[in-house]
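No experiment lies behind these values; they were computed from the predicted model shown. Indexing begins at 1, ligand by ligand and atom by atom, following the structure's order. Nothing fancy with the numbering, it's 1 onward along the sequence.
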Amino acid sequence: MDISPDVFSLSGKVALVTGGSRGIGKAIAVGLARFGADVVVTSRKLEELEEVAAEIKGLGRRSMAVATHVGRLEEIDRLVPQVKEEFGKIDILVNNAGTNPTMDQAIDIEERAWDSIMNLNLKGLFFISQAVARVMREQGGGNIIHVASVAGITPDILPVYSISKAGVIMAAKVMAQQWATYNIRVNALAPGLTRTRFSQALWDNEDILAGAMMLTPLRRVGEPEEMVGAAVFLASDASSYVTGHTLVVDGGSAI
Ligand SMILES: NC(=O)c1ccc[n+]([C@@H]2O[C@H](COP(=O)([O-])OP(=O)(O)OC[C@H]3O[C@@H](n4cnc5c(N)ncnc54)[C@H](OP(=O)(O)O)[C@@H]3O)[C@@H](O)[C@H]2O)c1
């Protein structure tokens, strides 16, 4: 078996990236396109998404922006056939959309916050994976990446979010085990603290930032673009024998 730099190429592949309008999802969507993939981006708000789709088209790839709330199963049921119809197949799914609407600690957390986190981070992730895996099974294979978090490995100050991300890591393992027979690989990518709107309440707070940096050997917050290499590795044939794995990209914080 010959290995060449082409093993990282995503040329001819079609990718679907959830939460692709900004932050880590945007960086991964544009990154996959730079490595050759056509990329569909989805999130709730179309305006930001359209800008990302335009950026991808500017790289000479095909792209489409579709508004979808990934926590609503009827919207997933509309999205997946639409991508299949427009692009003919789905080779790569990046489950990046995630939420954490509260800084409450476990003693205070309310049912509404629990439901909102679990609905998107776990239930939506599960059912969009199922819908896309059915397409992948029919076409002979595919590749799914769940964006988890180091919070799913070691507990942090976001309690329900941590629980949800531990579930995301297990979802990658379960799906990897059950869907290998359809030639579908499933892995998780676990970022550490990364500079996005989602995590601004953490890296903008001096005390929280200082605490996080004490635990981070590289002593800095990650940038969304630093997730791209890991995503391309997992999405490409460079990782052809890797499935059910969680690739941690966190400056060493989870050591
Ligand atoms: N930033 C970090 O430090 C960090 C660390 C570890 C893991 N992560 C994970 O990385 C992923 C991306 O986070 P980020 O930091 O890049 O956040 P971000 O910049 O806030 O982006 C979140 C993305 O998800 C979309 N989104 C939110 N709710 C959605 C829903 N219900 N349905 C569909 N799309 C939805 C948002 O777009 P709309 O508002 O248009 O829906 C946006 O595109 C998340 O899963 C997060 O848990 C982040």
From the list Val228, Ile56, Val39, Ile145, side chain to side chain contact (heavy atoms under 4.5 Å, CB included) partner of Leu32 resolves to Val39
Hey, is the main chain of Thr246 close enough, under 3.5 Å, to the side chain of Asn187 for a donor-acceptor pair?
no
Please check if the side chain of His69 supplies one atom and the backbone of Gly71 the other of a donor-acceptor pair under 3.5 Å.
yes
When you check the side-chain N and O atoms of Thr42 and Thr68, is any donor under 3.5 Å from an acceptor?
yes
Working note: Tyr161 + Phe198, criterion ring pair (Phe, Tyr, Trp, His ring centres under 6.0 Å); need CA distance, chi angles, decisive distance, verdict.
CA-CA 12 Å; Tyr161 176 79; Phe198 167 82; 5.5 Å; yes
Side chain to side chain contact (heavy atoms under 4.5 Å, CB included) test vs Leu16 passes for just one of Ile144, Leu79, Asn95, Ile92, namely Leu79
Exactly which residues line ligand 1, taking a heavy atom under 4.0 Å from it as the test?
Gly19, Gly20, Ser21, Arg22, Gly23, Ile24, Ser43, Arg44, Lys45, Thr68, His69, Val70, Asn96, Ala97, Gly98, Leu120, Val147, Ala148, Ser149, Tyr161, Lys165, Pro191, Gly192, Leu193, Thr194, Thr196, Arg197, Phe198, Ser199
